[in-house]
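Given the structure is predicted, the values throughout are model-derived calculations rather than measurements. Every chain is numbered from 1, with letters handed out A, B, ... down the list of sequences.
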2 protein chains.
Amino acid sequence: MSVTIKDVARQANTSIATVSKVMHGSYSISKETADRVNQVMEELGYHPNQRARNFVSKSNKTIAFVTDIDKEAGFKNPHMFEMMCGMEAMLSQKGYGFLVKGLTKSDVCDYVKNAFETKYVDGFVIHASVITPQLSDLVSSKGIPHLVIGVPSFDNNFCWIDADNKHAGQVAAKHLLTVGYRTVAFIGGTDEDKISMHRLEGVLSILNEHDVLIPSNYLQYGNSGVEDGYAMTLQILKGASRPEAIICANNYLAYGCVKALQDKKIKIPEEIGVITFDDYPFSQILNPKLTVVNIDVYDMGQEAGSMIVQKIKKPNLHIQSYITYPQVIVRESTK
Amino acid sequence: MSVTIKDVARQANTSIATVSKVMHGSYSISKETADRVNQVMEELGYHPNQRARNFVSKSNKTIAFVTDIDKEAGFKNPHMFEMMCGMEAMLSQKGYGFLVKGLTKSDVCDYVKNAFETKYVDGFVIHASVITPQLSDLVSSKGIPHLVIGVPSFDNNFCWIDADNKHAGQVAAKHLLTVGYRTVAFIGGTDEDKISMHRLEGVLSILNEHDVLIPSNYLQYGNSGVEDGYAMTLQILKGASRPEAIICANNYLAYGCVKALQDKKIKIPEEIGVITFDDYPFSQILNPKLTVVNIDVYDMGQEAGSMIVQKIKKPNLHIQSYITYPQVIVRESTK
DNA sequence: CTGAAAGCGCTAACAT
DNA sequence: ATGTTAGCGCTTTCAG
């Protein structure tokens with residue numbers, strides 16, 4: 001059996017209450033006894049039993065991150081993992097454990113309900129990919145501490161945070177204008193691609209603000225494959241006038257765009273500048289290296305970690321907001 | 001306060017012991033009382049407090065995955081996350097929770113010791129990037145249930161599993177020979193890059209077996225950047241005779257290699273075939289799409305999950321082995 | 001400043 | 001078949 005608080009108390013010639021107090025840094029303990037107790041703890045190699053603590057304090061000090069993870073997730077969704085890393089770091093720092101649970105949409109309700117009722121964990125961070133209206137009802141009716149990552153696409157009572165892609169779009173457009181590009185085109189995903197749409201929204205808001213005209217062929221939508229980026233860029237090039245810069249809604253599109261430009265012997269960044277979003281290793285490998293507006297998802301994860309513990313402490317705290325730390329990383333694809 | 005076992009007992013007119021027994025399906029309970037108790041539990045919406053259970057049963061039913069995760073890990077190390085996904089899935093299936101803990105090498109010992117002693121978790125899966133000889137001593141002296149992912153590079157008592165990169169190298173070489181390439185070159189990482197070295201080892205074993213001669217310039221080592229792959233390929237091309245195929249130790253190298261070949265107007269796969277390892281999305285984006293030898297790390301994760309729970313049940317089980325599921329995915333860069 | 005004692009909710013001997 | 005009871009290791013009043 002491992003050493004317990006009793007052993008420490010006996011050895012230090014005090015009561016367990018005193019030992020407990022020194023562990024919690026109570027002021028009402030004389031320096032001598034505190035020192036003595038600390039020393040004994042050291043000698044005995046005492047470690048408080050976390051389970052006992054969890055039990056009496058009615059908290060596990062752990063939060064569950066629930067999301068859908070299937071095969072290939074590691075490769076297809078590096079963002080999510082990056083975010084998880086930030087979250088883990090913050091939770092660790094705050095003394096919380098980070099439990100990850102992969103679930104399909106249909107199983108989430110049951111899991112959350114049970115995990116909450118059995119007090120298996122203290123709170124939940126839930127990826128927007130697995131939320132449902134029923135889950136919203138559940139968490140709000142039971143007051144389950146939670147935080148959703150990603151904007152829900154339906155009416156809800158969730159607390160959520162998301163990256164502000166509109167803002168990121170604004171930052172991209174602003175940067176282009178600032179460094180001297182006068183006309184800009186945009187290639188993005190389909191209507192369903194909310195991220196792309198939000199980025200476009202931001203871009204347009206800035207362009208309008210600066211009275212930059214946008215010929216219709218400057219706006220291209222399609223799938224997000226490399227070849228789609230290639231084709232859309234060609235479409236843009238076909239028009240009467242060429243834009244001075246192109247904003248690509250994501251890295252794949254940007255790769256296709258760069259290829260098309262190079263095939264047409266158009267110099268980047270002199271003749272046309274290219275900017276995209278998210279700092280995948282990818283962007284640094286391409287030639288030219290891509291200028292990107294990066295959203296620090298690690299930071300967002302940290303924020304999420306910090307928020308969920310706040311929520312646990314103040315259950316009536318209600319957060320529904322976009323947060324973001326967009327930052328432009330200037331590389332070779334823009335002047 | 002939520003309803004406890006006492007409430008159930010009172011309401012059902014029995015003792016808490018009886019309630020506990022019906023929950024655990026004890027045979028020595030009459031059907032009537034069992035039914036009654038179950039009904040009361042239902043009525044009251046009773047859920048056993050998991051924390052109390054953990055406390056008395058001295059087990060959390062959770063295993064911790066400890067690794068070093070810093071910023072960018074999500075982008076730089078998709079493999080690890082893919083592996084984690086497989087592990088999570090398996091552990092979930094076996095009724096275990098999956099806790100992830102990011103730690104630096106210097107902190108791992110303390111953490112593991114403490115987490116074990118405080119019974120915070122039941123077992124550990126540890127990434128080889130954070131293991132030390134001290135940790136080996138610790139886990140073996142205390143009999144801590146663990147499994148390390150990756151071969152340790154020092155004498156140790158760990159249980160470990162790893163991907164068999166040598167085997168993967170053999171598979172790559174064999175495939176090349178099979179489809180008709182007669183001479184093959186290899187570009188890989190530095191001496192310290194064990195993965196690259198093991199892959200090379202496998203390649204050479206097959207080449208020797210088939211009496212394929214390897215001029216010294218066919219073997220190139222360097223860093224693993226795209227530009228390194230480019231430069232090494234050029235080195236190879238400088239030689240008196242050209243190889244018919246090139247094996248690239250990783251994706252970045254492969255990208256540089258392809259670029260160099262294309263700049264030299266060498267046709268892939270007709271004049272020179274290219275093969276690499278690991279099925280990053282990357283490989284499918286390049287033009288031509290890359291033929292790869294893939295190692296299914298998700299499967300490996302599942303294996304790891306399954307092994308650690310075995311270890312918990314049978315502590316004297318000792319595993320030190322390479323496991324792997326290499327599979328060649330033929331795409332455009334080889335005939 | 002320190003200690004005694006009462007739980008927290010559950011399991012598991014041990015009685016009955 | 002069921003109930004009594006003694007913990008598990010810790011926190012936290014409440015006295016001293």
Side-chain angles (χ1 to χ4, degrees), chain A residues 1-41 44-62 95 97 114-122 313, chain B residues 1-41 44-61 114-122:
Chain A
M1 209 50 249
S2 39
V3 357
T4 75
I5 198 173
K6 271 185 192 168
D7 302 317
V8 177
R10 189 180 319 118
Q11 189 76 13
N13 236 309
T14 61
S15 68
I16 60 170
T18 302
V19 175
S20 180
K21 278 168 193 154
V22 343
M23 282 197 285
H24 293 81
S26 170
Y27 286 102
S28 68
I29 296 286
S30 71
K31 186 154 186 328
E32 295 103 71
T33 48
D35 286 350
R36 185 158 32 93
V37 167
N38 279 127
Q39 201 196 324
V40 171
M41 294 200 300
L44 265 44
Y46 168 72
H47 297 279
N49 180 323
Q50 194 56 48
R51 273 200 272 275
R53 283 186 160 176
N54 292 341
F55 177 46
V56 341
S57 64
K58 301 182 184 324
S59 152
N60 259 352
K61 287 287 202 167
T62 112
N114 184 63
F116 175 69
E117 285 172 338
T118 61
K119 304 185 190 331
Y120 181 58
V121 297
D122 298 313
K313 287 171 188 155
Chain B
M1 209 50 249
S2 42
V3 356
T4 74
I5 197 172
K6 270 187 191 167
D7 302 318
V8 176
R10 189 180 320 118
Q11 188 75 13
N13 236 310
T14 61
S15 68
I16 61 169
T18 302
V19 176
S20 178
K21 279 170 192 151
V22 342
M23 284 195 285
H24 293 82
S26 168
Y27 287 106
S28 68
I29 295 288
S30 73
K31 185 156 185 332
E32 297 104 68
T33 46
D35 286 350
R36 185 156 34 92
V37 167
N38 278 127
Q39 202 195 322
V40 171
M41 295 201 300
L44 266 42
Y46 169 73
H47 295 279
N49 180 324
Q50 192 58 46
R51 275 199 273 274
R53 283 187 162 177
N54 291 339
F55 177 46
V56 341
S57 65
K58 299 181 185 329
S59 154
N60 264 350
K61 281 285 203 175
N114 184 62
F116 175 70
E117 285 172 339
T118 63
K119 306 186 187 334
Y120 180 59
V121 296
D122 298 312

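Comparing C:dT11, D:dG3, C:dA5 against the side chain of B:Ala17 picks out D:dG3 as the nearest. When the nucleotides D:dT11, C:dG9, C:dA4 are ranked by their closest atom to the side chain of A:Ile16, D:dT11 comes out on top.
Spacing between atom CD of A:Gln50 and atom C1' of C:dC8 amounts to 15 Å, rounded to whole angstrom units. The distance from atom NZ of A:Lys58 to atom P of D:dT12 is 11 Å, rounded to the nearest whole Å. The distance from atom CD1 of A:Ile5 to atom P of C:dA4 is 13 Å, rounded to the nearest whole Å. When rounded to the nearest whole Å, the span between NE2 of A:His47 and P of D:dC10 equals 12 Å. Protein atom NZ of A:Lys31 is 15 Å distant from nucleotide atom C1' of C:dC1, rounded to whole Å. Atoms CG (A:Asn54) and C1' (D:dT11) sit 13 Å apart, rounded to a whole Å. As a whole-Å value, the separation of B:Lys21 NZ from D:dG3 C1' is 7 Å. Atom P of nucleotide C:dT11 and atom NZ of B:Lys61 are separated by 14 Å, given to the nearest angstrom.
Note on B:Thr14: only backbone sugar-phosphate atoms sit closer than 4.0 angstrom, heavy atoms only; bases stay farther off. Residue-level contact check: A:Ser30 touches the backbone only, with heavy atoms under 4.0 Å from sugar-phosphate atoms and none from bases.
Comparing A:Lys6 and A:Met23 along DNA chain D, the residue whose closest nucleotide (by nearest heavy atom) sits nearer the 5' end is A:Lys6. Mapping B:Ala34 and B:Ala52 onto DNA chain D by nearest heavy atom places B:Ala34 closer to the 5' end of the strand.
Checking the phosphate oxygens (OP1, OP2) of C:dG3, a side-chain nitrogen or oxygen of A:Thr18 falls inside 4.0 Å. Proximity of A:Arg53 to the phosphate of D:dT11: a side-chain N or O atom is located under 4.0 Å from OP1 or OP2. A sub-4.0 Å separation between OP1 or OP2 of C:dT2 and a side-chain N or O of A:Thr33 is present. For C:dC1, the OP1/OP2 oxygens have no side-chain nitrogen or oxygen of A:Ser28 closer than 4.0 Å. Between A:Ser20 and D:dT11, a side-chain N or O to OP1/OP2 separation shorter than 4.0 Å is present.
Side chain of A:Asp122 to backbone of A:Asn60: a donor-acceptor contact under 3.5 angstrom is found. Remark: side-chain polar atoms of B:Asp7 are paired, donor with acceptor, to backbone N or O of B:Thr4 under 3.5 angstrom.
Residues A:Thr14 and A:Arg36 are in side-chain contact: their nearest non-hydrogen atoms beyond the backbone lie under 4.5 Å apart. Side-chain contact between A:Asp35 and A:Glu32 is absent, with no heavy atoms from C-beta onward closer than 4.5 Å.
Between A:Phe55 and C:dC8, a base-stacking contact is recorded: ring centres under 5.5 Å apart, planes less than 30° from parallel.
Side-chain contact check for A:Gln50 and A:Asn54: at least one donor-acceptor pair (N or O, by modelled atom type) lies under 3.5 Å.
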